[in-house]
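The block underneath contains the structure these notes are about, expressed in structure tokens.
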Amino acid sequence: MLPSATLPDILINSDDYNRVSLLAERASGQMPYVSAYLERELNRAEVCDPWQPAGVSMGQRVMFRLDDEPMQRLGRLIYPNRAFGEKGSVPILGPVGAALIGMHRNSSIEWLDGGRLRTLTVLDYGW
């Protein structure tokens, strides 16, 4: 089963674009699925200047929901060199982090997670 929903628009600032692009390239041998997913997202993203408002950006807190769960989750999108395991950290090289980058409020995206179709919806971000 492949994701069927239309992909949402994403807006990434150029600093995040360049850093995440390098990470995706470096992770291609060890994490080919996440690397390919990130590269797809970067290739379709609109890129803005670092000082302009963008979608979910690296280091920002983001409130989101997975699938149809009633629970809202709060996390901070982090680079791999940050303290993993810090409560609420969402690594960019994970499926949820890769799905979050560049997303806007009230937008949703689907992806396959171990053969299961998952949906992520961004509720709020930027603080």
Side-chain angles (χ1 to χ4, degrees):
M1 176 171 21
L2 294 174
S4 58
T6 303
L7 293 173
D9 293 335
I10 58 175
L11 179 62
I12 300 174
N13 74 57
S14 59
D15 285 348
D16 283 353
Y17 179 90
N18 293 329
R19 290 179 182 140
V20 172
S21 180
L22 184 59
L23 278 174
E25 182 181 318
R26 289 182 178 170
S28 64
Q30 296 174 310
M31 307 170 101
Y33 179 78
V34 173
S35 175
Y37 185 92
L38 276 172
E39 287 176 359
R40 181 199 76 179
E41 292 300 280
L42 293 170
N43 286 335
R44 69 182 195 82
E46 183 179 340
V47 180
C48 65
D49 290 320
W51 57 85
Q52 292 179 313
V56 175
S57 298
M58 297 304 302
Q60 286 185 332
R61 286 185 178 175
V62 57
M63 186 181 305
F64 61 97
R65 184 176 50 249
L66 288 175
D67 304 317
D68 291 330
E69 296 175 355
M71 179 179 76
Q72 297 176 355
R73 299 168 186 246
L74 180 65
R76 182 181 305 273
L77 192 57
I78 63 165
Y79 287 108
N81 62 346
R82 299 288 179 197
F84 185 75
E86 178 183 311
K87 186 173 179 167
S89 61
V90 181
I92 186 66
L93 290 179
V96 173
L100 283 171
I101 190 74
M103 294 277 288
H104 296 283
R105 284 172 191 83
N106 301 314
S107 61
S108 297
I109 190 165
E110 293 180 339
W111 81 98
L112 286 175
D113 184 13
R116 178 178 171 209
L117 185 63
R118 304 291 308 264
T119 303
L120 177 140
T121 303
V122 172
L123 304 172
D124 201 6
Y125 65 94
W127 67 97

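Keep in mind that what you see is a predicted model, and the values were worked out from it rather than measured.
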For residues [X] and [Y], report the shortest heavy-atom separation together with the two atoms involved.
{"X": "P95", "Y": "W111", "result": "CB-NE1, 3.6 Å"}
{"X": "H104", "Y": "D9", "result": "CD2-O, 3.4 Å"}
{"X": "M31", "Y": "L93", "result": "CE-O, 3.2 Å"}
{"X": "E25", "Y": "S35", "result": "N-OG, 4.4 Å"}
{"X": "P8", "Y": "S107", "result": "CB-CB, 4.1 Å"}
{"X": "A54", "Y": "L11", "result": "CB-O, 3.5 Å"}

Would L7 and R40 count as a side-chain contact (heavy atoms from CB on, under 4.5 Å) here? Give the steps. CA-CA 11 Å; L7 293 173; R40 181 199 76 179; 3.6 Å; yes
Measuring from atom [atom1] of [X] to atom [atom2] of [Y], what distance do you get when rounded to the nearest 0.5 angstrom?
{"X": "M71", "Y": "F64", "atom1": "CE", "atom2": "CZ", "result": "8.5 Å"}
{"X": "R19", "Y": "I12", "atom1": "CZ", "atom2": "CD1", "result": "13.5 Å"}
{"X": "L42", "Y": "I10", "atom1": "CG", "atom2": "CD1", "result": "7.0 Å"}
{"X": "R76", "Y": "L100", "atom1": "CZ", "atom2": "CG", "result": "13.0 Å"}
{"X": "T119", "Y": "E69", "atom1": "OG1", "atom2": "CD", "result": "11.0 Å"}
{"X": "T121", "Y": "E110", "atom1": "OG1", "atom2": "CD", "result": "9.5 Å"}

Over 12 foreign heavy atoms within 6.0 Å of [atom1], [X]:
{"X": "D49", "atom1": "CG", "result": "yes"}
{"X": "Q30", "atom1": "CD", "result": "no"}
{"X": "R44", "atom1": "CZ", "result": "yes"}
{"X": "D124", "atom1": "CG", "result": "yes"}

For the hydrophobic clusters of this structure (ILVMFWY residues joined by side-chain heavy atoms under 4.5 Å, transitively), does one cluster hold both [X] and [Y]?
{"X": "M63", "Y": "L66", "answer": "no"}
{"X": "V90", "Y": "L74", "answer": "no"}
{"X": "V56", "Y": "L123", "answer": "no"}

May I ask you to test the Y17-I101 pair for a side-chain heavy-atom distance under 4.5 Å?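 They are not in contact (no side-chain heavy atoms under 4.5 Å apart), so the answer is no.
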Side chain to side chain, L23 and L38, heavy atoms closer than 4.5 Å: no
[X] side chain vs [Y] backbone, donor-acceptor pair below 3.5 Å:
{"X": "D15", "Y": "P50", "answer": "no"}
{"X": "S57", "Y": "G55", "answer": "yes"}
{"X": "R118", "Y": "D67", "answer": "no"}

Chi angles and distances behind the side-chain contact (heavy atoms from CB on, under 4.5 Å) call for E41, I109: CA-CA 11 Å; E41 292 300 280; I109 190 165; 3.5 Å; yes
For L77 and Q60, what are the C-alpha separation, side-chain angles and deciding distance, and is it a side-chain contact (heavy atoms from CB on, under 4.5 Å)? CA-CA 6 Å; L77 192 57; Q60 286 185 332; 5.9 Å; no
